[in-house]
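Following: one structure in structure tokens, then a few remarks.
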Amino acid sequence: MGPRLADIARHAGVSEATVSRVLNDKPGVGTETRKAVLTALDVLGYERPARLRQRSAGLVGMVIPELENPVFPMFAQAAEGALAQRGYTPVLCTQTPGGITEDEYVELLLERNVSGILFVSGKHADTTAPHERYHALVSRRLPIVLVNGFAEAIPSAFISADDREAGRLAVNHLVALGHTRIGFTSGPERYVPVRRKLEGYHQALALHGLDGDDLVELSLFGVEGGHAAAVRLIERGVTAMVCGSDMMALGAIRAARQRGLRVPQDFSVVGYDDSQLIAFTDPPLTTVRQPVNAMALAAVRALCDEIAGHPVSHTEFVFDPELVVRGSTAIAPDRQTASGRVAPSRGALSPQSASPAHANP
């Protein structure tokens, strides 16, 4: 079935006559209006007429860790759309345990003469990993942009979420609900985002006069890692947990329920990412939202600028996260009403509005 002019016109905010002129490549339509119609065509899933298909500006590699955590497909989809609008064809490279390594993917991408590479949560985020691979790409004048992870010695643009602020937001929310025994879990500490979240966690606890030195359990990323960490932390008497990902948070909820704890009445959990469907879990997960779309767009812009030969600042652009309060957090058990119902949350933090990105030199 061909494209429906009414649907495209409604999505682009123009008349059906204008849509018809664009689809038939007729003159008399402004550049921005033409772009809006073509974007609507792409978004609605219609194939562009042959006369309007632009040649690919080139291939762009996109190396991401895996697809099991929904946040990575979210980033890939957002980046893919932004690249397509600029005429580039993305080549998605997904790593799995025992599969193709990051270095092997780079070799494959170089063989295909990619115009640039986006690395998401790659070896650049691992403080113990050598970074010669990135220096070699820079020396070949191949544009690269590194997402979620920072290494000052690599001359590249970096795009990151403010992980320290993420840790602070989660702790401040739980403290406002009356929790004083707040646990923390994330992946291995050698990763830059983990270290930063942990710093934010400790900073917020210290600000409130609380101590969390014995309440940190670093584990493996994923549901099983969150479950294992929660088991140990619950034994130490925590009433709430800050988790380094939504998947880990779901594991923590499972562990709490297996021990007869109700979430959130007995045990509160905060995740990180706000990946798709998290709002529909049981209970809906309170989480710190990573601004994936804004970060993906910024990463694509930086990469395309470098490909075009425009100077790009070799610095870290940091995007503010946002606290999203849902049903997995509540008043601390010792502050609930005698009837067992959760008392109103006085002083609890409302969701924070995301701020523009700022740069760290």
Practice task
State which residues pass ring pair (Phe, Tyr, Trp, His ring centres under 6.0 Å) with Phe119; sequence neighbours excluded, sorted by chain then number.
Solution key: Tyr134

Practice task
Using modelled atom types only, decide if a donor and an acceptor are shared between the side chain of His179 and the backbone of Ala330 within a distance under 3.5 Å.
Solution key: yes

Exercise for the section: Examine distances only and state if a side-chain atom of Ser186 and a backbone atom of Val194 form a donor-acceptor pair shorter than 3.5 Å. Expected result: no

Exercise for the section: Sort and list the pairs that fulfil side chain to side chain donor-acceptor pair (under 3.5 Å) and have at least one residue in residues 116-126, not counting sequence neighbours. Expected result: Asp126-Thr128, Asp126-Arg190

Practice task
Please indicate whether Arg301 has more than 12 foreign heavy atoms, meaning atoms of other residues, nucleotides or ligands, lying under 6.0 Å from its CZ.
Solution key: no

Handout entry: Under 3.5 Å: donor-acceptor pair, side chain of Arg259, backbone of Glu235
Key = no

Can you give the donor-acceptor pairs under 3.5 Å from side chains of residues 202-212 to other protein atoms, not counting sequence neighbours?
{"residue": "Gln203", "atom": "OE1", "partner": "Arg168", "partner atom": "NH1", "Å": "2.5"}
{"residue": "His208", "atom": "NE2", "partner": "Asn172", "partner atom": "OD1", "Å": "2.9"}
{"residue": "Asp211", "atom": "OD1", "partner": "Asp213", "partner atom": "N", "Å": "3.0"}

Handout entry: For Phe267, ring pair (Phe, Tyr, Trp, His ring centres under 6.0 Å) partners two or more places apart
Key = none

Practice task
Using a strict cut-off of less than 4.0 Å between a Lys/Arg side-chain nitrogen and an Asp/Glu carboxylate oxygen, indicate whether Glu224 and Arg254 qualify as a salt bridge.
Solution key: yes

Practice task
Examine distances only and state if a side-chain atom of Arg164 and a backbone atom of Arg196 form a donor-acceptor pair shorter than 3.5 Å.
Solution key: no

Handout entry: Over 12 non-hydrogen atoms of neighbours within 6.0 angstrom of CD in Gln258
Key = yes

Which atom pairs, donor and acceptor, lie under 3.5 Å between side-chain atoms of residues 138-145 and protein residues at least two apart or in another chain?
{"residue": "Ser139", "atom": "OG", "partner": "His135", "partner atom": "O", "Å": "3.4"}
{"residue": "Ser139", "atom": "OG", "partner": "Ala136", "partner atom": "O", "Å": "2.6"}

Problem - Backbone of Ala17 reached by a side-chain donor or acceptor of Arg21 within 3.5 Å - result: no

Handout entry: Residue pair Thr286 / His173, side-chain donor-acceptor N/O under 3.5 Å
Key = no

Problem - Heavy-atom side-chain proximity of Ile278 to Thr281 below 4.5 angstrom - result: yes

Practice task
For Gln77, look at atom CD and say whether over 12 heavy atoms of other residues, nucleotides or ligands are found less than 6.0 Å away.
Solution key: no

Exercise for the section: Determine the minimum heavy-atom distance between Val14 and Thr33, stating which atoms define it. Expected result: CG1-CG2, 3.8 Å

Handout entry: Minimum side-chain heavy-atom gap Tyr201-Ile182 below 4.5 Å
Key = yes

Problem - Any donor-acceptor N/O pair, Thr185 side chain to Leu218 backbone, under 3.5 Å - result: no

Problem - Partners meeting salt bridge (Lys or Arg N to Asp or Glu O under 4.0 Å) with Arg326 (sequence neighbours left out) - result: Asp274

